Asker: 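My structure is below; once you've seen it, I'll send some questions.
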Protein chains: 2
Amino acid sequence: MENQTQNAFRALADPTRRDIVQLLAGQEMTIGQLTDRFDMTRAAVKKHLTVLSDGGLISVEVRGRERINRLEPLGMAPVLDWLSYFDQFWDDRLNSLKEAIERKQND
Amino acid sequence: MENQTQNAFRALADPTRRDIVQLLAGQEMTIGQLTDRFDMTRAAVKKHLTVLSDGGLISVEVRGRERINRLEPLGMAPVLDWLSYFDQFWDDRLNSLKEAIERKQND
DNA sequence: TTAATATAACACCAAATGGTATCTCATCTG
DNA sequence: CAGATGAGATACCATTTGGTGTTATATTAA
């Protein structure tokens, strides 16, 4: 896949996929193990894993007849980069907001 | 809308909407002004703005016959919160990676 | 070879996206 | 004020994309 920012954001847009990311943050898992955690067929889980893989968020290691899925820390970089563009903005605005609230409370 | 995390991630999943967010980080704009920046009808832009609004990422102020759209700093919070859950993970893994690379270079 | 697992190939339905056409108002002009 | 114009909202439609499922076919450990 070519546009990593788009693929990563797309991958994170689905709640099942965000859950998978959280599970994999705890420990690497096979498709079968993941399927046990969801009310969904193995094939459906596999498709979510493919989207996550396209987004660079996970990597897969073939071990015997199993596929070990694990989180790929580098994959989140495009997302964090995009968001960091606004760090200053959010920071400034949230500070203004906080100050406004404090002013109000002191009235 | 009830699930702000989902709505915010969904809002950011579309490249046009991420572009709108970037434009609005620079300055607040009306729908018409935004439409000038995209190869798309006003109605289509409006729909993206509705999704962004559902995600809590923008707020709209009615001014005469215009609608001023501006970025809502609090809206990004659910996204940043979700991502911050992994801060330690990404940090640890990226550090291990960096160290591994450094070890390799010193061979 | 058999059981467990993984993947590929379809197919189906719902949601997302974008267009056109038609309204509603606010504002401007005479 | 009346009518024209401009910004936006909304309803409706077509097309595309996404999520899920089923079935069939690999792969591999035991």
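Remember, it's a predicted structure, so these values are computed and weren't measured experimentally.
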Asker: Calculate the interatomic distance between B/Leu49 atom CG and C/dT17 atom C1'; express it in whole Å.
Answerer: 14 Å

Asker: Which pair of heavy atoms, one from A/Asn69 and one from A/Thr30, lies closest together, and at what distance?
Answerer: ND2-C, 3.8 Å

Asker: Considering every strand and a 4.0 Å limit on heavy-atom distances, what is the contact class for A/Ala44: base, sugar-phosphate, or nothing?
Answerer: sugar-phosphate

Asker: With no hydrogens and no angle check, is any side-chain donor or acceptor of B/Gln6 less than 3.5 Å from a backbone partner on B/Gly55?
Answerer: no

Asker: I want to confirm an ordering. Mapping B/Asn69 and A/Asp14 to their closest nucleotides on DNA chain D, which one lands closer to the 5' end?
Answerer: B/Asn69

Asker: What is the distance, rounded to the nearest whole Å, between atom CZ of A/Phe38 and atom P of D/dG19?
Answerer: 14 Å

Asker: Respond yes when some side-chain nitrogen or oxygen of A/His48 is under 4.0 Å from OP1 or OP2 of D/dG18, and no when none is.
Answerer: no

Asker: Tell me: CE of B/Met29 to C1' of D/dG8, nearest whole Å?
Answerer: 16 Å

Asker: Which nucleotide in the list C/dT17, D/dA7, D/dG19 gets nearest to the side chain of B/Arg65?
Answerer: D/dA7

Asker: Would you mind telling me which of D/dA9, C/dG19, D/dG6 lies closest to the side-chain atoms of B/Ile31?
Answerer: D/dA9

Asker: Among D/dG18, C/dG19, D/dT22, find the nucleotide with the atom closest to the side chain of B/Met40.
Answerer: C/dG19

Asker: Looking at A/Thr41, does any N or O in its side chain come under 4.0 Å of the phosphate oxygens OP1/OP2 on D/dT22?
Answerer: no

Asker: Could you tell me whether the side chain of B/Lys46 has a donor or acceptor atom within less than 3.5 Å of a complementary atom in the base of C/dG18?
Answerer: no

Asker: Taking only the side-chain nitrogens and oxygens of A/Arg67, find out if one of them lies under 4.0 Å from OP1 or OP2 of D/dT27.
Answerer: no

Asker: For B/Arg17 and C/dA16, give me the distance from atom CZ to atom C1', rounded to whole Å.
Answerer: 8 Å

Asker: Of the options D/dA7, D/dG18, D/dT10, whose atoms approach the side-chain atoms of A/Arg10 most closely?
Answerer: D/dG18

Asker: Go nucleotide by nucleotide along DNA chain D from the 5' end; which of B/Val60 and B/Lys47 gets its closest nucleotide reached first?
Answerer: B/Val60

Asker: Could you tell me the separation between the CD1 atom of B/Ile68 and the CD1 atom of B/Ile31, rounded to the nearest 0.5 Å?
Answerer: 10.0 Å

Asker: Do any pairs count as a side-chain hydrogen bond (donor to acceptor under 3.5 Å, both in side chains) and have a residue in residues 37-52 of chain B, sequence neighbours left out, and if so which ones?
Answerer: B/Arg17-B/His48, B/Lys46-B/Thr50

Asker: Given C/dT20, is OP1 or OP2 found less than 4.0 Å from the side-chain N or O atoms of B/Arg42?
Answerer: no

Asker: For B/Met29 and B/Leu24, which heavy atoms make the closest approach, and how far apart are they?
Answerer: N-CD2, 3.7 Å

Asker: Under 4.0 Å between a side-chain N/O of B/Arg63 and OP1 or OP2 of C/dA26, yes or no?
Answerer: no

